[in-house]
Structures are given as structure tokens and as C-alpha cells.
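Let me begin by presenting the structure, written as C-alpha cells, before commenting on it.
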Protein chains: 2
Amino acid sequence: MPLKPKSTEDVLQDNTCSAVEPPEKLEVLIGYHLRRASIHDLNGAVAALNDVNTRPVPASVLLTIVENPGVSSADICRMLGMQRANIVSILSELEGRGLFVRETDPADQRIQKLYPTRHGQEEAKTFMALLQAHEDTMLQRLSAAERQQLRMLLAKIWQDDGV
Amino acid sequence: MPLKPKSTEDVLQDNTCSAVEPPEKLEVLIGYHLRRASIHDLNGAVAALNDVNTRPVPASVLLTIVENPGVSSADICRMLGMQRANIVSILSELEGRGLFVRETDPADQRIQKLYPTRHGQEEAKTFMALLQAHEDTMLQRLSAAERQQLRMLLAKIWQDDGV
DNA sequence: TATTGTTATACTCTATAACTATA
DNA sequence: TATAGTTATAGAGTATAACAATA
């Protein structure tokens, strides 16, 4: 019955996996597709943010500050799953561009609370618009329902990471 | 009617996005979840392969050689979406471990065809088993149907990358 | 003792340019 | 000229250890 040769898609959708030939194919691994898709997205996001002189990680940090006025840098690191040591240079760059200000917490002198400036809020909105435009291109083959389900499935994978 | 407070999941599933408050949340971006899920997977894959002294990229390269005996290094780079320059040290390590051999193509002296050794085939099988065990853990919250659909959705995202 | 912000350092992955040899 | 394999180098992201100030 199958007149056409077995395509990659056929193989992927066949998870019965006959015992004769072990599935030694990289393409059956979801982690492989996760990585390729993530790199594809990252490249697009880098290109989208290039015009406004930022990159995905700094943009995520600014968005986190705008969404959570008064967060500390340690808070951001826990939320984004990064090391405290690695946010220092990112914050100092965003601060140098006047996108947020630091205020020492009167209740705990160790903590610097971060507040977006008006300019920071506007830039965050610009970054978000550029990222969403990039996503629309990247996900053009996916219906709205598929995008929503993809987001839900991905969230299930990493939902127990620290947070 | 909604007695419970709006959870993150509710927000994510609400893509109607009222005009009052712009969706300036990082969590609506699929790219963000893609990145977090991919990092989560990568960490697990690194841990899974640690006992056999390899890492995800070298493992992928060996698997590609085993799946395609006689490929060239440039072929592998095109298939995996990596730079030719970056595969050199990986190949020299795998070769040093006796996992594959190089044979200059008699028809084109520029090309080295790569063939797995018996030991390489066995190691590839081990790598694959470890990666699949890791994926089973990572995807425990997803049904078989969800895993299959996730793989399909991810493949749609990067399917036009070079290849 | 634990946490915050910070410095210094190292490793992986990725990217680019340039070389050689072959075609 | 175009491609294969290689070398060298640089940048981003990530990771750990250690420190001073504060709790």
C-alpha cells in the first residue's frame, strides 16, 4: 500500500518501533528537536534585537524588571535560572543606558531593588514587539491552537527547574 | 465565576489578550519556554552522558556517523547545523577513542569518508540508551501522544534550517 | 550561619577569517 | 572558482569559588 518511500515524518510518527531495527536515530530524540528549534529561535531573536543593540538575555532581564518593579538581582537570577555572577555585567550595561535605577532596600541593606525608568519601560515594549514579530515568523507553520499547546508542553518540561 | 486567582497557566492559555494591558510578559513568548526547556534537557543529557565520558554534541556526531556510514565531516556539519571548524576537535577525540576510522574517498581526494568501528557502534547504542532514559524522565508529565506531537511541532519550527 | 552583590576564572558552544589541497 | 579539512581566534552563555557587607 505505501507507494511513496517512507519519509522522515513517517518514521517520526511511528513510535511502535519494530524490534528488528533499534531506533538509533537522532531524530527520534525530542531533545534533539528541542535543541535545533531553540537555536533556530535564538538566531532569529538575536537578529530581531540587533537593531536596538541588545540581545536575548539582556532583553529578558529588562523585561523581568519592568514586569516586577522592585525585584532584586538575586530574584531575577532565580526567575530566569541564571547565576548571580553572570547578571552583573548585564545589569551594569542596562543601567548605563538609563533603563532602570537601583534603590537600596531600607529594610535590608544587602538588597538593591530595581525599578524601570520611563525609558526602560518604553524600550521593554519595543523589545517585546520585536520578539513577538520574530515569533510570528518563526511559528508561521503553526496554528494558534498549536502554538498554545506547544507553549503548554514546553512549560511542563522545565516547570520544576528551581523557580 | 472565576473564584480562584488567575494562575500563570490561565494567563498562558488566554491568548485573547485584552487591549487594556499589553502582554509584556516574558512567559507568553514561546521562544522563552523553548530556551528554558532546551537548557533543562541539555543539563539532563550532560548528566546522563557523564558516566560514559562524552557530551551531547560529540554523542550526536558519533550517532550521525553510525547512522550514515561513509559520511564526510562537511556532511555531518550540514546535517547537524554546525560549523566545519567546530567539528575538528570533536572528530579527533572520537577517533582517538577508536570509535570511527577515516578513509579518503578515491573519487575525490578532498573528502574523508567516516566509518564507525564495531566499538563505535556499541558506544553509539549505549549513548542512545542513556539519552532515551534521560528523556523518559524529562517527559514523564507528557503522554505518548503529547510527546509525539511535541516532536512534530518542534520539527516544524526548524525544518527550513539549511538541511 | 546565610544571603546579596561582586570579582575572577574557566569551559562549552558558536562564529568568522584564512590557509592548503584538491576539484 | 568552489569545496574539504584545518588552524586560530573571538564572543556569548554558563559554572564555580571566593570575598566583603549585611542580616
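Chain letters run A, B, ... following the sequence lines, proteins first and then strands; every chain starts at 1.
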The side chain of A/Arg110 lies closest to which of these nucleotides: C/dT14, D/dT3, D/dA21? D/dA21
May I have the distance from B/Ile90 (atom CD1) to D/dT6 (atom P), rounded to whole angstrom? 13 Å
As an exercise, state the distance from NZ of B/Lys25 to CE of A/Met128, rounded to the nearest 0.5 Å. 9.5 Å
Side chain of A/Ala85 only, heavy atoms from C-beta on: which candidate in C/dT7, D/dA21, C/dA21 is closest? C/dT7
Measuring from the side chain of A/Arg78 (C-beta onward, heavy atoms only), which nucleotide among D/dT14, C/dT4, D/dA12 has the closest atom? C/dT4
Rounded to whole Å, CD of A/Gln112 lies from P of C/dT4 at a distance of 12 Å
Ignoring hydrogens and angles, does a donor from either the side chain of B/Arg84 or the base of D/dA4 sit under 3.5 Å from an acceptor on the other? yes
Fit a plane to each ring of A/Tyr32 and B/Trp158, take the angle between them on a 0 to 90° scale, and name the class: parallel (under 30°), tilted (30 to 60°) or perpendicular (over 60°). perpendicular
Using whole Å, what does the distance between atom P of nucleotide C/dC11 and atom CG of B/Asn50 come to? 15 Å
Per nearest nucleotide of DNA chain D, the residue lying toward the 5' end, B/Leu91 or B/Ile39, is B/Leu91
Confirm from the modelled atom types if A/Asn86 and D/dA15 form a donor-acceptor pair under 3.5 Å, side chain to base only. yes
Rounding to an integer number of Å, can you tell me how far A/Ile76 CD1 sits from C/dG5 C1'? 12 Å
Write down the distance between CE (A/Met82) and P (D/dG13), rounded to a whole number of angstrom. 9 Å
